Novice: 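Here it is, the structure in full.
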Number of protein chains: 2
Amino acid sequence: MSDSQARFEQLIAKLRTSEYRLTPQRVELIRLIAASDGHPSASELYNQIKVQFPTMSLATVYKTLDLLKELGEVLEIGLRDDSHYDGNKPYPHPHLICMKCQKIMDGELELAVKNIVQEVEQNFGFQILKHQLDFYGLCPDCQKQKE
Amino acid sequence: MSDSQARFEQLIAKLRTSEYRLTPQRVELIRLIAASDGHPSASELYNQIKVQFPTMSLATVYKTLDLLKELGEVLEIGLRDDSHYDGNKPYPHPHLICMKCQKIMDGELELAVKNIVQEVEQNFGFQILKHQLDFYGLCPDCQKQKE
DNA sequence: AATTTGTAGAGAATTATTATCCATAACGAG
DNA sequence: CTCGTTATGGATAATAATTCTCTACAAATT
Ligand SMILES: [Mn+2]
Ligand SMILES: [Mn+2]
Ligand SMILES: [Zn+2]
Ligand SMILES: [Zn+2]
């Protein structure tokens, strides 16, 4: 069973055990989120979902994303222009954002993040509850295509 | 001479040597930015400036902030709801944002940031051009006022 | 199948920011 | 100092992501 298949069933189970209803719209959005290896925005999800559900509205996408956020199963990455969503790692983690192709990648930096969080709490007496760490630059692919 | 006085004159000098005109509105906004020890938003600056310049419009605040950004003298901290601006440290640096009183503090973490940036570049081959590192939680003051 | 109640969809509303347009003020030249 | 050029301020409309409101309908449970 693929990872995305497992994640899909995990999310469906979570909805089922909650008080929330399992509507076709939600099932499809969850399928898309679980299948996505990237970090889609609400409108990107909306465009994808319109293929299968032409009547689905953008507001419903937002509502469902809010629901999944409340359940702690989706991380919102609130950028300046719009938000993107990570349904596979629903806890704060660093992101690498390419300024050329706009791709968003996960930064696997558990240890470094743990250290810097600890340093902030010790040096400033600031209690950290969450964080958003965004690194902007050029991804490996876009570096090659110089110019 | 106070720090903010020095910063004020520095910014004025920068405008003067550029092609840009020194209007009373710009001078006052620069004064406010240099005097501010925090990280004001456009509307906060607007509310302050209205006292001296009742006719000043919010659009002008945005235009002047854009100008100072172009000159590399102001850092925009683009949060989800609105942007805040740092006119004293106009280069990327971490911020500690209190979720209770909304205060934004500078995180003095030069070394840790340098290390994590280096780690990203080495581990992922990602070339970092800038970053936005926001830590959300409770400031020391708000921790005391428990409840 | 009937009943209850949460949810989808349409569209309006909100809010930060940006664009447009023109009268006017800044500033260098004379 | 005065003038003329031109950038800039102010008013207002436009934009765009997100949220709100309302109602018909569908999901779950019996
Ligand atoms: Mn991610
Ligand atoms: Mn700062
Ligand atoms: Zn790229
Ligand atoms: Zn606080």
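What you see is a predicted model, and the numbers here were worked out from it, not measured in a lab. Every chain is numbered from 1, with letters handed out A, B, ... down the list of sequences.
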Novice: Expressed in angstrom and rounded to an integer, what is the separation of A:Leu65 atom CG from C:dA8 atom P?
Specialist: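 After rounding, the gap between these two atoms is 12 Å.
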Novice: For B:Ser43, report the nucleic acid contact type (base, sugar-phosphate, nothing); a contact means any heavy atom under 4.0 Å.
Specialist: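 Result for B:Ser43 = nothing.
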Novice: So does A:Gln25 get a side-chain nitrogen or oxygen closer than 4.0 Å to the phosphate oxygens (OP1/OP2) of C:dG9?
Specialist: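 Checking A:Gln25 against C:dG9: at least one side-chain N or O falls below 4.0 Å of OP1 or OP2.
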Novice: Going by atom types alone, do A:Thr60 and A:Gln25 pair a side-chain donor with an acceptor below 3.5 Å?
Specialist: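 Distance-only check fails for A:Thr60 and A:Gln25.
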Novice: How long is the line joining CG of A:Asp81 and P of C:dT18, in whole Å?
Specialist: 9 Å
Novice: Looking only at N and O atoms, is any donor in the side chain of B:Lys63 or the base of D:dG10 less than 3.5 Å from an acceptor on the other one?
Specialist: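 Yes.
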Novice: Between atom OH in A:Tyr62 and atom C1' in C:dT7, what is the gap in whole Å?
Specialist: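 Value for this atom pair: 19 Å.
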Novice: With a cut-off of less than 4.0 Å, is there a side-chain N or O of B:Thr60 near OP1 or OP2 of D:dG10?
Specialist: yes
Novice: Nearest heavy atom decides the nucleotide; on that basis, is B:Arg21 or B:Ala42 closer to the 5' end of DNA chain C?
Specialist: B:Ala42
Novice: Do A:Val61 and A:Met56 come within less than 4.5 Å of each other through their side chains, counting heavy atoms only?
Specialist: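 SC-SC contact between A:Val61 and A:Met56 confirmed.
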Novice: Please tell me which of A:Ser83 and B:Thr55 maps to the more 5' nucleotide of DNA chain D, matching each residue to the nucleotide holding its nearest heavy atom.
Specialist: B:Thr55
Novice: Which whole-number value in Å describes the distance from A:Leu15 CG to D:dA27 P?
Specialist: 14 Å
Novice: Parallel under 30°, tilted from 30 to 60°, perpendicular over 60°: which one fits the rings of A:His39 and A:His93?
Specialist: tilted
Novice: So which heavy atom on A:Pro54 is nearest to which on A:Gln52, and how close?
Specialist: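 Closest heavy-atom pair between A:Pro54 and A:Gln52: CD-O, 3.4 Å.
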Novice: Does A:Arg80 have a side-chain nitrogen or oxygen under 4.0 Å from the phosphate oxygens OP1 or OP2 of C:dA16?
Specialist: no
Novice: Roughly, in whole Å, what's the span from CG in B:Leu29 to C1' in D:dT8?
Specialist: 14 Å
Novice: Base, sugar-phosphate or nothing for B:Arg16? Non-hydrogen atoms, less than 4.0 Å.
Specialist: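 The answer is nothing, as B:Arg16 stays clear of every strand by at least 4.0 Å.
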Novice: Go through the side-chain N and O atoms of B:Gln132 and B:Asp134 and say whether any donor and acceptor fall under 3.5 Å apart.
Specialist: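 Yes.
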Novice: Whole angstroms only, please: what is the NZ-P distance between A:Lys69 and D:dT18?
Specialist: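 From A:Lys69 NZ to D:dT18 P: 9 Å.
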Novice: Return the value, rounded to whole Å, for the distance between atom CG of B:Asp82 and atom C1' of D:dA16.
Specialist: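 After rounding, the reported distance stands at 16 Å.
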Novice: In this structure, how many angstroms lie between the P atom of D:dA27 and the CD atom of A:Glu28, rounded?
Specialist: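 In whole Å, D:dA27 P lies 15 Å from A:Glu28 CD.
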Novice: Between B:Thr23 and B:Glu76, just flag the one whose closest nucleotide in DNA chain C comes earlier from the 5' side.
Specialist: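 That would be B:Glu76.
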Novice: Within the structure shown, what part of the strands sits under 4.0 Å from A:Pro24 by heavy-atom distance: base, sugar-phosphate, or nothing?
Specialist: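 Sugar-phosphate, backbone atoms only, no base.
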Novice: Return whichever of B:Ala59 or A:Leu58 has its heavy-atom-nearest nucleotide of DNA chain D closer to the 5' end.
Specialist: B:Ala59
